Protein chains: 2
Amino acid sequence: MEKKISSAVIKRLPRYYRYLSELLDKGIDKISSQELSRRMHVTASQIRQDFNNFGGFGQQGYGYNVEVLRNEIGRILGLDKQHFVIIIGAGNLGQALANYGGFEKRGFLISGIFDSNPDKVGKTVGENTVMDMSELSSFVKGHTVDIAALTIPKSAAAGVAATLMDMGVRAFWNFAATDLNLPDNAAVENVHLAESLMSLSYNMINLSENTSEDI
Amino acid sequence: MEKKISSAVIKRLPRYYRYLSELLDKGIDKISSQELSRRMHVTASQIRQDFNNFGGFGQQGYGYNVEVLRNEIGRILGLDKQHFVIIIGAGNLGQALANYGGFEKRGFLISGIFDSNPDKVGKTVGENTVMDMSELSSFVKGHTVDIAALTIPKSAAAGVAATLMDMGVRAFWNFAATDLNLPDNAAVENVHLAESLMSLSYNMINLSENTSEDI
């Protein structure tokens with residue numbers, strides 16, 4: 001197994017993947033760490049350090065082979081395999097995720113969407129029909145479920161996550177404004193939109209202060 | 001002006017704000033750093049270090065006054081003021097943001113939503129009517145716009161952001177899968193959903209590997 005990689009490196013890997021995919025789309029098949037550094041606005045040293053966590057990806061004299069590097073990073077991220085995602089909560093955000101086609105091309109297939117609101121059950125969202133929460137248990141038994149996206153109110157999120165853990169689901173994409181506090185054998189990725197907006201607010205205010213002090 | 005605070009601290013402030021708000025909702029008006037540490041699963045030392053960036057918030061013998069601390073952190077985050085947010089892109093995600101009521105109670109008011117697609121213009125989304133992109137310039141001239149949320153394809157995002165910069169907008173909540181590369185007098189907060197999902201995928205795979213090696 002690869003050695004323990006810091007979460008900061010893991011957070012950066014998808015960005016490398018994105019840049020390398022864009023280079024491939026442009027027909028660029030070789031790139032030096034200097035050129036990648038220039039495009040990504042990170043130092044070449046940072047890139048080399050990040051890549052060294054995975055053996056360095058064998059840069060040769062002329063640089064990296066873009067396709068090989070992109071596929072290798074994709075493999076590390078698990079993008080070489082199909083992952084089945086269910087969405088819990090068919091509100092605005094759950095529907096937006098279900099309707100977004102971009103996840104599927106990376107191998108994340110939305111295979112089910114659930115809600116407890118009878119007005120939503122039976123509705124078509126993307127390529128799915130909203131199922132009732134009472135059907136969740138039998139669905140998880142009968143289908144592979146790799147990831148559960150939680151787009152439900154924070155009061156319900158931890159309970160639903162614990163129930164899904166009992167059913168064997170181990171990865172949670174949590175959009176609820178709460179911490180799930182799951183055991184170590186679960187993977188959780190939080191998307192706290194209100195908190196992201198607050199960080200932006202802070203940075204915006206401090207821009208203004210800088211500007212006024214500069215005058 | 002406060003000294004330069006690290007972005008890691010800024011990212012943690014909204015979480016403190018959330019926990020303190022929840023304590024207030026529960027009627028808890030005093031808390032020690034030890035108890036806050038236990039609830040938030042961070043060390044008391046981390047909490048004290050974070051708070052020391054802002055003068056420490058005057059913990060007394062019995063701990064922090066929850067309401068004072070919450071309001072002080074809120075003030076630092078700019079939550080004591082109203083911020084006007086426009087949404088560029090009335091697709092699924094833009095509509096989900098416009099329909100979500102939770103931002104308004106934190107002082108972020110969605111004051112306009114724009115799209116270039118004639119099928120979307122004129123549609124009611126939340127409390128707004130989708131405006132045509134051609135109306136953006138006059139809208140920004142006639143209204144305060146603090147933040148622009150970009151829920152548009154990546155091919156359009158950098159151009160729209162640059163246009164908005166020219167109009168005087170300085171804060172961007174960017175949901176497009178691209179880096180905006182704006183000058184230093186702009187604040188950008190990225191929400192890259194596909195990348196978040198890739199990080200989750202990595203963490204999920206490495207959970208599985210750990211588990212199988214433990215057997």
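Keep in mind that this is a model prediction, so the values were computed, not measured. Every chain is numbered from 1, with letters handed out A, B, ... down the list of sequences.
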Checklist entry - If you round to the nearest 0.5 Å, how far is CE of B:M198 from CZ of A:F108? => result 6.5 Å
Checklist entry - If you measure from CG on A:N203 to CD on B:E189, what distance do you get to the nearest 0.5 Å? => result 7.0 Å
Next on the checklist: Nearest 0.5 angstrom please: B:L77 CG to A:M204 CE, how far?
Outcome noted: 11.0 Å
Checklist entry - Which salt bridge (charged side-chain N to carboxylate O under 4.0 Å, His left out) pairs, counting each pair once, include a residue from residues 176-188 of chain B, with sequence neighbours left out? => result A:R15-B:D179, A:R18-B:D179
Checklist entry - Most heavy-atom pairs under 4.5 angstrom with chain A, which of B:V85, B:V191, B:N92? => result B:N92
Checklist entry - With only heavy atoms counted, which part of B:Y16 is less than 4.5 Å from chain A, the side chain, the backbone, both or neither? => result neither
Checklist entry - If you measure from CD1 on A:I205 to NZ on B:K81, what distance do you get to the nearest 0.5 Å? => result 5.5 Å
Next on the checklist: Taking every non-hydrogen pair under 4.5 Å, which of B:G78, B:G91, B:S201, B:A171 racks up the most with chain A?
Outcome noted: B:S201
Item to check | Which of B:R106, B:R170, B:H83 touches chain A most, by non-hydrogen pairs under 4.5 Å | outcome: B:H83
Next on the checklist: Below 4.5 Å, heavy-atom pairs only: which of B:S196, B:G94, B:A186, B:G74 has the largest tally toward chain A?
Outcome noted: B:S196
Item to check | Structural part of B:F172 lying under 4.5 Å from a heavy atom of chain A | outcome: backbone
Checklist entry - A:V188, A:T178, A:L193: which one forms the most heavy-atom pairs within less than 4.5 Å of chain B? => result A:L193
Next on the checklist: For the NZ atom of A:K11 and the NE2 atom of B:H192, what is their distance to the nearest 0.5 Å?
Outcome noted: 12.5 Å
Checklist entry - Looking at B:D146, B:L97, B:N99, B:L13, which one has more heavy-atom pairs under 4.5 Å with chain A than the rest? => result B:N99
Checklist entry - Of all of B:N181, B:L79, B:L93, which one pairs up most often with chain A through heavy atoms under 4.5 Å apart? => result B:N181
Next on the checklist: Show the nearest heavy-atom pair for residues A:E22 and B:A177, with the distance to one decimal.
Outcome noted: OE2-O, 4.1 Å
Checklist outcome for this item: Taking a cut-off of under 4.5 angstrom between non-hydrogen atoms, the residues of residues 118-131 of chain A near chain B are none
Next on the checklist: For B:L197 and A:I147: C-alpha separation, side-chain torsions, deciding distance, then whether side-chain contact (heavy atoms from CB on, under 4.5 Å) applies.
Outcome noted: CA-CA 9 Å; B:L197 194 47; A:I147 294 171; 4.1 Å; yes
Next on the checklist: Can you tell me how far apart CD1 (B:I5) and OH (A:Y202) are? Round to the nearest 0.5 Å.
Outcome noted: 4.5 Å
